[in-house]
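Read the structure below first, then the notes.
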Amino acid sequence: MRVLLTGAAGFIGSHIHRALADAGHEVIAVDLMLPAAHGFDATPPPGVHRLDVRDPEALDTRLRGIDAVCHQAAVVGAGVSAQDAPAYAAHNDLGTAVLLAAMDRARCRHLVLASSMVVYGEGRYRDTPADFIPGPRSRTDLDGGVFDHRAPSGEPLDWTPIDESAALHPRSLYAASKVAQEHYALAWATATASTVTALRYHNVYGDDMPRDTPYSGVAAIFRSSLEAGESPRVFEDGRQARDFVHVRDIAAANVAALTHPLAPFTPLNIASGHPITIGEVAAILATAANGKPPVVTGEYRSGDVRHIVASPEKAHRTLGFTAAITPQEGLTDFAHAPLRAAAGAGAPTWR
């Protein structure tokens with residue numbers, strides 16, 4: 001198969017590039033090399049062409065003879081500032097729309113889209129209606145160390161895995177852009193009789209992850225603290241539940257999605273299937289690195305999601321995909337894995 005891979009020089013994209021090549025596919029790899037992701041003056045690595053997915057003429061050239069597109073290019077992160085909104089809209093949403101139009105001109109009918117768990121917002125809770133969305137946690141509760149959402153009776157709510165049928169309620173600028181990408185892709189698939197598989201990645205980590213930046217994942221932030229001889233600082237009570245999935249499993253899921261089209265639009269949780277708390281993540285990394293133990297600070301960030309844990313059953317049923325690396329195994333290795341030498345520089349640009 002001849003595959004156009006966008007965002008090919010990024011953390012996740014570079015792993016997908018290798019996995020596709022190892023599987024025998026011909027990969028046309030492109031990346032804009034934004035300073036926010038790669039640092040200033042970064043040049044594309046060997047085998048990757050510089051391309052802005054908002055450039056229709058460049059896309060027309062690269063899409064000739066392409067069988068499928070694996071779309072990883074995006075400005076990432078939760079959105080540090082409201083001033084980041086234009087960057088998310090320009091690169092993630094406009095970029096996806098331009099790419100979809102170019103795919104239509106090229107008669108390329110299969111897209112694998114990098115989506116995210118953030119499209120759900122808050123996770124799902126046990127013994128509540130399927131469409132239940134807890135209200136914002138009060139500052140009084142948070143200041144008092146009461147971090148769990150509460151049932152009408154006042155009892156703390158327990159999480160249960162969320163599946164792809166859940167409503168989408170983005171709670172960050174980045175999340176809003178990923179929802180928009182999914183909606184554009186769904187509309188495109190309907191209008192063109194094409195297939196889209198939207199892979200909703202959960203917390204991705206692994207070798208070649210960017211070092212500590214405002215847009216880094218928490219695993220990399222903990223790593224940076226340990227390398228500096230400091231204790232990882234864990235917010236709230238450390239019991240926030242997540243699913244951490246290794247980047248090599250993310251790459252395997254993309255290979256499976258490219259070779260098993262699911263019509264017409266299919267969202268899939270891509271997760272390890274082994275829930276873990278943020279406190280456990282910090283403890284595993286600290287032990288593996290022989291570093292200082294984590295400190296649970298009780299601090300919080302307004303608007304943070306309390307629990308978000310995936311059900312990976314649909315990906316297993318439809319793609320035959322099951323993550324091979326458990327968080328315990330993967331995070332232990334990650335404590336000593338190579339990270340990117342050049343951190344992202346500054347806020348993302350949208351021009």
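FYI, the numbering just counts along the sequence from 1.
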Would Glu280 and Thr277 count as a side-chain contact (heavy atoms from CB on, under 4.5 Å) here? Give the steps.
CA-CA 5 Å; Glu280 289 171 329; Thr277 67; 3.1 Å; yes
- Task: Please assess His246 against Tyr205 for the test ring-ring contact (aromatic ring centres under 6.0 Å, His included), listing each intermediate value before the final yes or no.
- Result: CA-CA 5 Å; His246 199 279; Tyr205 70 98; 5.1 Å; yes
* **Worked verdict on Glu182 versus Ser115 for side chain to side chain donor-acceptor pair (under 3.5 Å)** => CA-CA 7 Å; Glu182 286 199 12; Ser115 189; 2.6 Å; yes
Check your understanding: Which is it for Asp158 and Asp148 under the side-chain contact (heavy atoms from CB on, under 4.5 Å) test, yes or no, and what are the steps along the way?
Key -> CA-CA 8 Å; Asp158 293 328; Asp148 281 314; over 6 Å; no
- Query: Does the pair Arg340 and Asp208 meet the rule for a salt bridge (charged side-chain N to carboxylate O under 4.0 Å, His left out), with working shown?
  - Reply: CA-CA 5 Å; Arg340 293 200 168 214; Asp208 201 34; 3.0 Å; yes
- Task: Could you check Tyr174 against Asp84 for side chain to side chain donor-acceptor pair (under 3.5 Å), going step by step and ending with a plain yes or no?
- Result: CA-CA 9 Å; Tyr174 172 61; Asp84 292 344; over 6 Å; no
side-chain contact (heavy atoms from CB on, under 4.5 Å) for His91 and Leu34? Distances and angles first, verdict last. CA-CA 10 Å; His91 290 282; Leu34 279 174; 3.9 Å; yes
Could you walk me through whether Val234 and Glu299 pass side-chain contact (heavy atoms from CB on, under 4.5 Å), step by step? CA-CA 8 Å; Val234 180; Glu299 298 171 10; over 6 Å; no
Margin query: Assess the residue pair Asn254 and Tyr201 against the criterion (side chain to side chain donor-acceptor pair (under 3.5 Å)); give the C-alpha distance rounded to whole Å, side-chain angles, the decisive distance to 0.1 Å, and a yes or no.
Written below: CA-CA 11 Å; Asn254 275 271; Tyr201 304 157; 3.0 Å; yes
- request: Take Asp60 and Arg105 through the test salt bridge (charged side-chain N to carboxylate O under 4.0 Å, His left out) and record every step on the way to the result.
  value: CA-CA 8 Å; Asp60 286 344; Arg105 291 191 297 274; 3.0 Å; yes
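Using a 4.5 Å heavy-atom threshold, the side chains of Phe244 and Ser272 count as separate. Between Val48 and Val30, every side-chain heavy-atom pair lies at or beyond the 4.5 Å cut-off. Side chains of Ile278 and Val218 form a contact here, defined as non-hydrogen atoms less than 4.5 Å apart. Residues Arg242 and Ile308 meet the side-chain proximity criterion, which asks for heavy atoms closer than 4.5 Å. With contacts defined as side-chain heavy-atom distances shorter than 4.5 Å, the pair Arg64/Thr61 qualifies. Proximity of Val69 to His110: side-chain heavy atoms (C-beta onward) are nowhere separated by under 4.5 Å. Contact annotation: the side chain of Asp249 approaches that of Phe321 to within less than 4.5 Å [non-hydrogen atoms, C-beta and beyond]. Side chains of Val247 and Ile16 form no contact here, defined as non-hydrogen atoms less than 4.5 Å apart.
Scanning all heavy atoms of the two residues, the minimum distance from Glu329 to Ala324 falls at OE1-O, 4.2 Å. Across every non-hydrogen atom of Ala9 and Pro45, the tightest pair is CB-CD, 3.7 Å. Closest of all the heavy-atom pairs between His336 and Ala288 is NE2-O, 2.8 Å. When all heavy atoms of Gly7 and Ala73 are compared, the closest pair comes out as N-CB, 3.7 Å. Counting all heavy atoms, side chain and backbone alike, Ala87 lies closest to Val75 at O-CG2, 4.2 Å.
Ring geometry for Tyr120 against His202 counts as tilted: the plane angle lies between 30° and 60°, on a 0 to 90° scale. Between His307 and Trp159, the ring-plane angle classifies as tilted under the 30° and 60° cut-offs.
Checking side-chain atoms of Gln240 against main-chain N and O of Phe235 turns up a donor-acceptor pair under 3.5 Å. Not one N or O on the side chain of Arg62 forms a donor-acceptor pair closer than 3.5 Å with the backbone of Leu51. Judged by distance alone, with hydrogens and angles left aside, the side-chain atoms of Arg50 form a donor-acceptor pair with the main-chain N or O of Leu32 at under 3.5 Å. Not a single donor-acceptor pair under 3.5 Å links the side chain of Arg137 to the backbone N or O of Arg150. With hydrogens and angles disregarded, no donor-acceptor distance shorter than 3.5 Å links the side chain of His25 to the backbone of Val27. A donor-acceptor pair is defined here as one N or O able to donate and one able to accept, closer than 3.5 Å; such a pair exists between the side chain of Asp243 and the backbone of Gly273. Remark: the backbone N or O of Thr195 is not paired with any side-chain donor or acceptor of Arg109 at under 3.5 angstrom. The closest donor-acceptor contact from the side chain of Ser194 to the backbone of Thr190 lies at 3.5 Å or more, if one exists at all. The main-chain N or O of Ala271 is never found under 3.5 Å from a side-chain atom of Asn269 such that the two would form a donor-acceptor pair. Judged purely by atom type and a 3.5 angstrom limit, Thr287 has no side-chain atom pairing as donor or acceptor with the backbone of Ile284.
Follow the hydrophobic side-chain contacts under 4.5 Å out from Tyr184 and you reach Met103 in the same cluster. Residues Leu168 and Leu186 do not share a hydrophobic cluster, clusters being chains of Ile/Leu/Val/Met/Phe/Trp/Tyr side chains in contact below 4.5 Å. Note: the hydrophobic cluster containing Leu258 does not contain Trp188 (ILVMFWY, side chain heavy atoms under 4.5 Å, direct or indirect links). One hydrophobic cluster, built from ILVMFWY side chains closer than 4.5 Å, cannot hold both Val112 and Leu4; they sit in different ones. Leu142 is not connected to Val296 by any chain of hydrophobic side-chain contacts under 4.5 Å among Ile, Leu, Val, Met, Phe, Trp and Tyr, and they are in different clusters.
Side-chain atoms of Glu122 and His149 form a donor-acceptor pair, as typed in the model, at a separation below 3.5 Å. A donor-acceptor contact under 3.5 angstrom links the side chains of Asn92 and Ser177, judged on distance only. Judged by distance alone, the side chains of Thr322 and His316 do bring a donor and an acceptor atom under 3.5 Å apart.
Within a 6.0 Å radius of CZ in Arg317, more than 12 heavy atoms belonging to other residues, nucleotides or ligands are found. Other residues, nucleotides and ligands contribute at most 12 non-hydrogen atoms within 6.0 Å of the NE2 atom of His260. Heavy atoms of other residues, nucleotides or ligands lying less than 6.0 angstrom from CG of Asn290 number 12 at most. Enclosure of atom CG in Asp41 is not indicated, since only 12 or fewer non-hydrogen atoms of other residues, nucleotides or ligands lie within 6.0 angstrom.
Annotation: the span from Arg18 atom CZ to Arg248 atom CZ amounts to 9.5 Å, rounded to 0.5 Å. A distance of 6.5 Å separates OG1 in Thr6 from CD in Gln72, rounded to the nearest 0.5 Å. Atom CZ in Arg301 sits 9.0 Å away from atom CD in Glu236 (nearest 0.5 Å). The distance from the CD1 atom of Ile221 to the CG atom of Leu226 is 12.5 Å, given to the nearest 0.5 Å. Atom OG in Ser165 sits 4.5 Å away from atom CZ in Arg124 (nearest 0.5 Å). With rounding to the nearest 0.5 angstrom, the CD atom of Glu155 is 11.5 Å from the CG atom of Asp127.
By the 6.0 Å and 45° rule, Arg306 does not stack over the aromatic ring of Phe147.
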